[in-house]
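Just so you know, these numbers use all the heavy atoms, side chains as well, and skip hydrogens, waters and symmetry mates. Model, not experiment: these values are computed from the prediction.
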Amino acid sequence: MNSNDWQAEQERLELVTKKLQARIVELEPEAAGLHEQATDIRKRFWEEVTVNTSTEEDFEETYFTIRQQAAVLSERERRHRQLMQQWNSMRRLLPSPYFGRIDFREDGERSAEQVYIGVSSFVDTDGMSFLIYDWRTPIASLYYDHSPGAAAYETPGGTITGTMELKRQYQIRDGQLRHMFDASVTIGDELLQQVLGKGADAQMKSIVATIQKEQNAIIRDDKSRMLIVQGAAGSGKTSAALQRAAYLLYKHRDRLKADQIVLFSPNPMFNSYVSTVLPELGEENMQQTTFQEYLEHWLGSAFRLEDPFEQLEYMLTEQGAPGYEARLNGIRYKASEAFLQALQSYALWLAREGMLFRGIRFRDRELISAEEMKSQFYSYDPSIRLANRVALLQEWLLKRLALLERKEREAEWVQEEIHYLDKEQYAESFQELHRERGVFDMAEKYAQVNEFISKKPRGDESDLDFSEREEELLRRTVVKESFKPLRRSVKRLAFVDATGLYVQLFDEEDAFRKMANAAEVPELWPEICRQTKKKLSRGELFYEDATPYLYLKELVEGVRTNTEVRHVFVDEGQDYSVFQYEFLKKLFPRACMTVLGDFGQAIFAQATDLHKADSPLIRLYGEAETRLIRLVRSYRSTREIVDFTKALLPDGGEIVPFERSGGKPLLVRAGSGEERAARMARDIAALQAEGFGSVAVITKTAAESRGAYELLSAQGCPGLRLITKETSQFEKGTMVIPAYLAKGVEFDAVLIYDASSAAYCRESERKLFYTACTRAMHRLLLYAIGEWTPFLKTADADLYEAEQ
């Protein structure tokens, strides 16, 4: 690249920067003025409106005056929001207006158009000339998908073909042109090397300047009902998904809002980690939650729910304990399609027989028995769906309660309760009693209410009829208040014994086979049943039971659906069961689903395979509406770390490292726990001195994390933090964290606290070990007392350095 090119680009950058600065200066007073106008209108809203409802004409005039004032206010606020969005976009562009350029000559045209690409668009003062194109515009896709030569891009009006004559990349910092590359590939290695060579951040950053072609396919796919992304550790699948959300909000901005997109994260800390990406791109954050939080919302008031991390801790720490194998079999079965089908068959059986209800009791007596409900329920037409018959029974119960409430007014206890009514309840009855007598002023009303309460004589109003009516109203008030909780419980469908219905499944094996039409049951079924019923009897639910319990509850009571949500993103998707995916499909019937995961990091027993052609996820919406994209290149770690970690997996050979070099992983053997802690403390201090701002000591379990934290703290490790499942904010620094909480997050340096055979020896723990090691960007150190984990036997000795 010659000096003339550099000079021309520098001059253009200075021109664009000046225009941006001028536009920002121009927008500031205009936006401030609109803000002041809107504030003033809000303050003076009712001063400008005369409320007069004396006649129908006055009422109509008042109504239209209010509407006119509200319209003016709404227009000012809308215009202010638009200007503020423009102003914020200009300010985001100012330090680095653009990162790429393509020269594209459309077929039939003599000259090429210069297209500069940034995080948002910027139009010149003529309103026609684009100085910068938003990276999400159709023409910008050329930058990500094509090399110089014949190229094409899709627009709403069809395909545009032509020739890309130039592709150029820039690094601009604080308005200064630092680097410039002409590229023949999507993103030049020079730029990506510099971006990836930086340290880890407390929040994930936007990757729009370094999006690769395969990532762009994820971002711009808006046709697939189910998009599955099987990506190696560090392949950028989560980053691409977040850019995808920004792209969808941009392309469909007229009909898609941020609150119509939901991201299911692996844990609350991860929500903090990804929280800045969309705002950085000028978009509002989508809804973020965890599947556990959803379960807690619907079941947390009735049960103490085990969370997935408690389940995993049990699997990792209780091997050999009584009932362990049965629990493991139960976890797998309750997450399977077979159990899903069993519950569906069970619901059909309940439509014929076996429904369980709770009787309605009042003042130590049964008003409506469970048997009466059951008889009424099965009196309905059998062709009516189960949930609809429950709704009919609910209506019947409310009518029965209304009749019983009227009858209850004559009970002796009612007279006693009248004396305990408060002043407001007396006043309410008194007002109803006098409603037909016309309106009287407040002073008179208050005096009469006091007189009413104290039962003083009231002249011509103290006749017998009035006294009887008075007592009747008070009795009605007392009984109505007493029956209110009963009506509320019926409206909540509390009369359905949902817990009993779930327990009924686990009574006897033969009964289960009949009710669920199940030909086979897992091994150790009697022990699975015992464990499940024992847990439920304590008001608790295993994690593997929570989704099936809620699913059965909805089969009986009616399905809850959210038809507003249009896109659902599931991160760490391999950790969700087939059952949970079916549940999400029912919950969001109008949504497209994007599932991101790595089967190499499937650390839970209920894991779902993402990368095979016969994956159950493909069957969820059908092959025609499903797309599977595989990301095999790993960008997070150095080539040495990727070569080492991919050797830990039997099928890790397909993972391709990005050519960024660094030191080999280091294996350190210690003689005791104290010796290991002392060595780790020295290594952490050395890493901090090198400038690594994000260092993680990764353990296998939460209990091991607590022990490591105490030992390292005793060695004087400065600023050490213990991360638990309750940690909600991700921050840079030095931390001790269990491997399963570190998923999806990256660190400058990782120290594996215990890589011995005592910690990782079972085949089921291989992927957990792999997950822990793949968190490292620049340095990976492993420590052990005694023998190394057998998983290292598959790694060639040339892939690491070892100290004895």
Over 12 foreign heavy atoms within 6.0 Å of NZ, Lys534: no

Counting distance only, does the side-chain N/O of Tyr346 pair as donor-acceptor with the main-chain N or O of Leu501 below 3.5 Å? yes

So, does Ser489 use its side chain to make a donor-acceptor pair with the main chain of Leu486 at under 3.5 Å? yes

Go through the steps for Met593 and Leu617 under the test side-chain contact (heavy atoms from CB on, under 4.5 Å), then give the verdict. CA-CA 10 Å; Met593 196 178 295; Leu617 282 190; 5.9 Å; no

Can Lys374 and Glu371 be counted as an ion pair, charged N to O under 4.0 angstrom? no

Enumerate, atom names and distances included, each donor-acceptor pair closer than 3.5 Å involving a side-chain atom of residues 513-525, sequence neighbours excluded.
residue: Arg513; atom: NE; partner: Glu509; partner atom: OE2; Å: 3.4
residue: Arg513; atom: NH1; partner: Ala519; partner atom: O; Å: 2.4
residue: Arg513; atom: NH2; partner: Glu509; partner atom: OE2; Å: 2.7

For Phe569, ring pair (Phe, Tyr, Trp, His ring centres under 6.0 Å) partners two or more places apart: none

Can you name the closest pair of heavy atoms from Ala342 and Tyr333 and give their distance? CB-OH, 4.1 Å

From Asp575 atom CG to Ile603 atom CD1, the distance as rounded to the nearest 0.5 Å: 5.5 Å

Carboxylate-amine/guanidinium proximity below 4.0 Å for Glu408 and Arg365: yes

Enter the distance from Arg361:CZ to Ser369:OG here, rounded to the nearest 0.5 Å. 11.0 Å

Partner of Val479 under side-chain contact (heavy atoms from CB on, under 4.5 Å), picked from Arg409, Arg406, Glu410, is Arg409

For residues 361-398, which residue pairs pass the ring pair (Phe, Tyr, Trp, His ring centres under 6.0 Å) check, not counting sequence neighbours? Phe357-Phe377, Phe362-Trp413, Phe362-Phe483

Do any N or O atoms from the side chain of Thr626 and from the backbone of Glu623 form a donor-acceptor pair under 3.5 angstrom? no

Kindly determine whether Glu572 and Gln574 satisfy side chain to side chain donor-acceptor pair (under 3.5 Å), including the steps that lead there. CA-CA 6 Å; Glu572 300 298 339; Gln574 74 283 344; 2.9 Å; yes

Could you tell me whether a side-chain N or O of Arg487 sits under 3.5 Å from a main-chain N or O of Leu401, the two making a donor and an acceptor? no

Chi angles and distances behind the side chain to side chain donor-acceptor pair (under 3.5 Å) call for Gln531, Glu527: CA-CA 6 Å; Gln531 292 176 358; Glu527 176 60 16; 3.2 Å; yes

Results of side chain to side chain donor-acceptor pair (under 3.5 Å) for Tyr581 - residues two or more places apart only: none

Passes side-chain contact (heavy atoms from CB on, under 4.5 Å), Val556 versus Leu493? Steps please. CA-CA 10 Å; Val556 173; Leu493 303 181; over 6 Å; no

Which distance, rounded to the nearest 0.5 Å, do you find between the CG of Asp571 and the OG1 of Thr290? 12.5 Å

Supply the atom-to-atom distance Leu505 CG to Lys533 NZ, rounded to the nearest 0.5 angstrom. 11.0 Å

Main chain of Glu726, side chain of Thr724: is a donor-acceptor contact present, judged purely on distance under 3.5 Å? yes

Heavy atoms of Ala347 and Leu555 approach each other most closely as CB-CD1, 4.0 Å

Side-chain donor or acceptor of Arg566 paired with backbone N/O of Gln260 under 3.5 Å: no

Taking ring pair (Phe, Tyr, Trp, His ring centres under 6.0 Å) as the definition, give me every residue that meets it alongside Tyr324, ordered by chain and number, with sequence neighbours left out. Tyr314

Count the heavy atoms of every other residue, nucleotide or ligand shown that sit under 6.0 Å from CD of Glu366, and state whether that count exceeds 12. yes

Which heavy-atom pair separates Met373 from Arg358 by the least distance, and what is that distance? CE-O, 3.0 Å

Looking only at atom types and distance, does a side-chain atom of Arg627 sit under 3.5 Å from a main-chain N or O of Lys223, one as donor and one as acceptor? no

Compare every heavy atom of Arg400 with every heavy atom of Leu367, then report the nearest pair and how far apart it is. O-NH2, 4.0 Å

Please assess Leu350 against Gln504 for the test side-chain contact (heavy atoms from CB on, under 4.5 Å), listing each intermediate value before the final yes or no. CA-CA 11 Å; Leu350 289 174; Gln504 187 170 253; 4.0 Å; yes

Between Leu620 and Lys585, the two heavy atoms sitting closest are O-NZ, 2.7 Å

Closest contact, heavy atoms only, Glu306 versus Gln292: O-NE2, 3.5 Å

About how many Å separate OG of Ser375 and CD of Glu372, when rounded to the nearest 0.5 Å? 8.5 Å

Donor-acceptor contact present, side-chain Gln287 to main-chain Asp259, <3.5 Å: yes

Tell me whether the rings of Phe512 and Phe506 are parallel (<30°), tilted (30 to 60°) or perpendicular (>60°). parallel

Can you tell me if Gln580 uses its side chain to pair, donor with acceptor, with the backbone of Ser577 under 3.5 Å? yes

As a quick check of understanding, evaluate side-chain contact (heavy atoms from CB on, under 4.5 Å) for Tyr543 and Leu295, giving each step before the final call. CA-CA 10 Å; Tyr543 179 66; Leu295 294 174; 4.1 Å; yes

Between Phe604 and Phe309, what is the ring plane arrangement, given parallel below 30°, perpendicular above 60°, and tilted in between? tilted

Are the side chain of Glu310 and the backbone N or O of Asp307 linked by a donor-acceptor pair below 3.5 Å? yes

Ring pair (Phe, Tyr, Trp, His ring centres under 6.0 Å) test vs Tyr549 passes for just one of Phe583, Phe339, Phe303, Phe579, namely Phe303

Applying salt bridge (charged side-chain N to carboxylate O under 4.0 Å, His left out) as the test, list every pair that has at least one member in residues 541-556; sequence neighbours left out. Arg327-Glu544, Lys334-Asp545, Lys553-Glu557, Glu554-Arg560

